[in-house]
Number of protein chains: 2
Amino acid sequence: MGAITLKVGELAKQTGVSVRTLHYYDEINLLSPSHRTEAGYRLYDESDIIRLQQIVSLRQIGFSLEEIRECLEQRSFSVEHIIQLHSTRLREQIQLSQKLLYRLETIAQTMSSMETVSVEALIETIEVMIMLEKYYTPEQLETLKQRQEVLGEEQIQQAQADWQMLIEQARTEMAKGTDPTSAPVKALARRSLELIQAFTGGDPEIEQSLNQMYQQEPPDVASRGAIDAAVMEYLDRARAALE
Amino acid sequence: MGAITLKVGELAKQTGVSVRTLHYYDEINLLSPSHRTEAGYRLYDESDIIRLQQIVSLRQIGFSLEEIRECLEQRSFSVEHIIQLHSTRLREQIQLSQKLLYRLETIAQTMSSMETVSVEALIETIEVMIMLEKYYTPEQLETLKQRQEVLGEEQIQQAQADWQMLIEQARTEMAKGTDPTSAPVKALARRSLELIQAFTGGDPEIEQSLNQMYQQEPPDVASRGAIDAAVMEYLDRARAALE
DNA sequence: TCTTGACTCTGACGTAGCGTGAGGCTCTTA
DNA sequence: TAAGAGCCTCACGCTACGTCAGAGTCAAGA
């Protein structure tokens, strides 16, 4: 009779749990107060308070309410097993989040070195990034990123301009019907190898990843519109004639 | 007329997005197909496909569908701002997850050195851990954890037994009405200082955290039932008499 | 031509863990 | 006895779909 009982609001204040949460725990039969007043007010006694503290504790380590229920019901519940399960899931989730964060930071960095920050540019950046992730390992991407910083914006833009000019010249020769094994086109091919070399930095694995990408994706996709399949094949034949 | 259009299933297959997702995007007016057949079949044309690809891209960096809509509507949408926002949120979330993971791993470690792995023991472990987190810095906890490993289980249990015996003796003296400033109780006080020293490893900051904890929490809570307030005060007086 | 099977449609519920009202009692105090 | 604080039970909302259910559509084979 004289035992201490608390009303929802009192229990809420004492434990820092919201009234709504206590209502909810009652609703899902996770924690139903042992008593009610005649008017229907919830009355929590000491055993209820202890149970609530247990629930709060288990929530602190990320257990779902369903898991907490099973845990407190002791129904053939392997504590070690579920701890391992949670650890594994959490590690995976952290990895995912870190990957996401890496993407965001890469984008922020890329955008910061751009004049216009349009939505189109953002989407373009994302598409490129996702494609690169498909073919290069994280380490390779890191290497490329670092070299990008070392070279500076100007050099990068210069390289892009070089590529553009080379492709334009190749397209012109192709339109003229010039044999890809002829000297001038072979010179262009040699120049393209130089540019590729400059990009890969001589790293054979990066070169392989690059080749992979250009084999799997259509050239205009892989180069983001810089080169089309026809010119690509024309240059390929010229390069093949170099050996 | 002759333009290429795709039905939901076809678009789904081509892009790897589920049919249900396409229905949903239509429902929330994020991506409504430009055409319908007379029978009501959705027909996606090229512009729809492009829009879908944009949506997929923006999803890849963790944008919500609402954000994607705003982004594609170009409504005074600051790309940099939202990228920063997401980065910040993500970093916080990762930190939280890592904290959770740390807890799980600590628990797993603690439980692995226990004979019985009951639910009660789990909850007890969690409560201790949360309380320790409140008073010790992560670095201090790491230090304590390492020393725990170095010492080994036996030493830890020995220390606990030592404490238990000391407290028992103090309680006996107190019951006998012995003056806390008397020699035998002062000997107990000296012994307690030794044991505290053994726990803190002589680290003054750890000792301060420990004192903080025993000042803020009731002694039986801080010691997990090992010592009660009365004995605690008795020993405190004996220690005060040492100087 | 009819049937079958693959596809499509809309509608509606479920998810996890509450937050946030709405509308109506109950209790205490002035 | 009226007011204010606290309690009650609904019930919707949130995210981004998954998963039926029941019914219509379309192309191909018997």
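Order of the sequence lines fixes the chain letters, A, B, ..., with proteins taken first and strands second; residue numbering starts at 1 for each chain.
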Practice prompt. By nearest nucleotide on DNA chain D, pick out whichever of B/Ser64 and A/Gly9 is the more 5' one.
Written response: A/Gly9
Response to the item:
Atom CZ of A/Arg42 and atom C1' of D/dT9 are separated, to the nearest Å, by 8 Å
Worksheet item: Does the gap between the ring centers of B/His35 and B/Tyr44 come in under 6.0 Å?
Response: no
Practice prompt. Please state how far atom CZ in B/Phe63 lies from atom C1' in D/dA16, giving the value in whole angstrom units.
Written response: 17 Å
Discussion item. Check this for me: does any side-chain nitrogen of one of A/Asp26 and A/Arg36 sit under 4.0 Å from a carboxylate oxygen of the other?
Written reply: yes
Worksheet, complete the sentence: Tested for side-chain contact (heavy atoms from CB on, under 4.5 Å) against B/Leu22, the lone hit among B/Asp48, B/Leu11, B/Leu30 is B/Leu11
Discussion item. Tell me the interatomic distance from A/Tyr41, atom OH, to C/dT28, atom C1', rounded to whole angstroms.
Written reply: 10 Å
Worksheet item: Which of residues 16-40 of chain A have a heavy atom under 4.0 Å from DNA chain D?
Response: A/Arg20, A/His23, A/Arg36, A/Gly40
Worksheet item: How close or far is atom P of C/dT8 from atom CD of B/Glu10, stated in whole angstroms?
Response: 7 Å
Response to the item:
Whole-Å distance, A/Leu43 CG to C/dC27 C1', equals 13 Å
Worksheet item: When the distance from NZ of B/Lys7 to C1' of D/dC26 is rounded to whole Å, what number comes out?
Response: 7 Å
Worksheet entry | side chain to side chain contact (heavy atoms under 4.5 Å, CB included) between B/Trp163 and B/Ile227, worked out | CA-CA 9 Å; B/Trp163 269 114; B/Ile227 192 168; 6.0 Å; no
Worksheet item: Are B/Gln140 and B/Ser209 close enough that a side-chain donor and a side-chain acceptor fall under 3.5 Å?
Response: yes
Practice prompt. Could you state the atom-to-atom distance from CD of A/Glu67 to C1' of C/dA16 in whole Å?
Written response: 12 Å
Worksheet entry | Short side-chain donor-acceptor distance under 3.5 Å, A/Gln160 and A/Gln155 | no
